[in-house]
Amino acid sequence: MARELRPWLTGRTVIGAERVDAPPGPKYAGLERLPGQRIEAVTRRGKFLVMPLGRMELLEGTAASAPADELIVHLGMTGVVRATPPPGHLRVHLHLSGPEPRDLYFQDVRRFGRFMVVGVGDYAGLPTLAAMGPDALDPDFTPESLQRALAISGAPIKTLLLSQRPVAGVGNIYADEALWLAKVHPERPARRLTRSQVSALHAAITDVLARSLLLQGTTLNDYRTVNGEVGAFAAHLAVYGRAGEPCPRCGAAVVRTVVGQRATYACSRCQTRPRSSSRSAPRRPARGRPRLTPRAK
DNA sequence: CGCATTTCCTGGTAGC
DNA sequence: TGCTACCAGGAAATGC
């Protein structure tokens, strides 16, 4: 989407910004600051579109002190950015300057998306963006960076991936697909992944996202490109949404569970379960000096 | 601080 | 046909 919008938006100035059928609130904060600002670039961090803005300097010395803004867009579940008016659930309408003036529309049926203007880097209202790890397709995302990020948490690996902290850009579908590719069970505590599992997971994340992007992403129901096309990657999903179907790798059944309140699909055979802490397992004393006091809460 | 739970929101669908 | 119940989930807010 960033790639599509880049030539469409870069260098254009916002003439008008209208909030449509959306209550005032943080998800649409700052839109009134948009008119008069020029879109300098279209960038992306994980699932957030980040568009630096600049105000035309009409008077030397005054505009220079004005802090620059950024337009932040997140699709949530059902957000769609379009160049033509959507049939319903329109939330934002932008009018843009240019040789031939253009419009931009943000549609969002379920209202989980956001379309807001903030000061550059002022992510106080966007804690996930503020604490986000390297983007999955950025060279800064390496097996080592992933290893460091996973080592500090005992949360289920899938839950940690969805937090966007170890790596940015992995949502529910791609988390399941990447874990399947890497043969890692979604509930394995993050810090218990072996070094080779971390390497496999790193490769799997970059691989699944790159392949999906080649097909313009995954459209289950709602997602559309800016041109209104569907993404074709859904047909290539190995496990997501395929409960009861055979694993494409080993033939065992794909099972659906819930991890971190999210539907989770995994192969029942080739994604090995984390070491069980079930009652039936004999309790083995911890290595090293016995703990004399209960762990502080 | 870290993790778990709840909340937001609407369309589609299963079940009756 | 029409009704209710439930499910989908990214990220923020709240709870512990």
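Values below: every heavy atom of this structure, side chains too, minus hydrogens, waters and symmetry copies. Below, read A as the first sequence line, B as the second, and so on, with proteins coming before strands; counting in each chain starts at 1.
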Between atom [atom1] in [X] and atom [atom2] in [N], what is the gap in whole Å?
X: A:D108; N: B:dC9; atom1: CG; atom2: P; answer: 11 Å
X: A:Y123; N: C:dA11; atom1: OH; atom2: C1'; answer: 16 Å
X: A:R45; N: C:dA11; atom1: CZ; atom2: P; answer: 12 Å
X: A:I152; N: B:dC1; atom1: CD1; atom2: C1'; answer: 11 Å
X: A:Y240; N: C:dG10; atom1: OH; atom2: P; answer: 8 Å
X: A:Q261; N: B:dT5; atom1: CD; atom2: P; answer: 6 Å
X: A:L129; N: C:dA11; atom1: CG; atom2: P; answer: 10 Å
X: A:R111; N: B:dC9; atom1: CZ; atom2: C1'; answer: 7 Å

Heavy atoms of A:G169 and A:Q164 approach each other most closely as N-OE1, 2.8 Å
Residues A:R44 and A:D135: closest non-hydrogen pair is NH1-OD1, 2.8 Å
Result for side-chain contact (heavy atoms from CB on, under 4.5 Å) between A:L94 and one of A:L9, A:I15, A:L34, A:L31 points to A:L34
Could you check whether A:Y28 and A:F115 have their ring centres less than 6.0 Å apart? no
With sequence neighbours left out, the residues meeting side-chain contact (heavy atoms from CB on, under 4.5 Å) with A:S196 are A:T194
Does a salt bridge link A:R91 with A:D108, judged by any charged N lying under 4.0 Å from a carboxylate O? no
Checklist entry - With respect to the phosphate group of B:dC3, does any side-chain polar atom (N or O) of A:S153 fall under 4.0 Å of OP1 or OP2? => result yes
Double-helix bend of the helix from B:dG2-C:dC16 to B:dC16-C:dG2, axes at both ends from 5 pairs, round to 10°, gives 50°
Checklist entry - Heavy atoms under 4.0 Å, any strand shown: does A:T159 hit a base, just sugar-phosphate, or nothing? => result nothing
Next on the checklist: Applying a 4.0 Å non-hydrogen cut-off, can you work out what A:G260 is touching in the nucleic acid: base, sugar-phosphate, or nothing?
Outcome noted: nothing
Using atom types as modelled and distance alone, determine if a side-chain donor or acceptor of A:R191 lies under 3.5 Å from a backbone N or O of A:L150.
no
Proximal nucleotide (of [options]) relative to the [X] side chain:
X: A:M77; options: C:dA8, B:dT10, C:dA11; answer: C:dA8
X: A:T128; options: B:dT10, C:dA8, C:dA11; answer: C:dA11
X: A:H89; options: C:dA8, B:dG11, C:dG10; answer: B:dG11
X: A:P127; options: C:dG10, B:dC9, C:dA12; answer: C:dA12
X: A:N172; options: C:dA8, C:dA11, C:dG9; answer: C:dG9

| field | Under 5.5 Å and under 30°: A:F112 stacked on C:dG9 | value | yes
Judged by nearest nucleotide, the residue sitting upstream toward the 5' end of DNA chain B, A:K27 or A:P156, is A:P156
Of A:G125 and A:A263, the one whose nearest nucleotide on DNA chain C sits closer to the 5' end is A:A263
Quick one: the side chain of A:R262 and the base of C:dG10, do they pair up donor-acceptor inside 3.5 Å?
yes
| said: Under 3.5 Å, is there any donor-acceptor pair linking the side chain of A:R114 to the base of C:dA11? | reply: no
So CG of A:L160 and CZ of A:R165: to nearest 0.5 Å the spacing works out to 6.0 Å
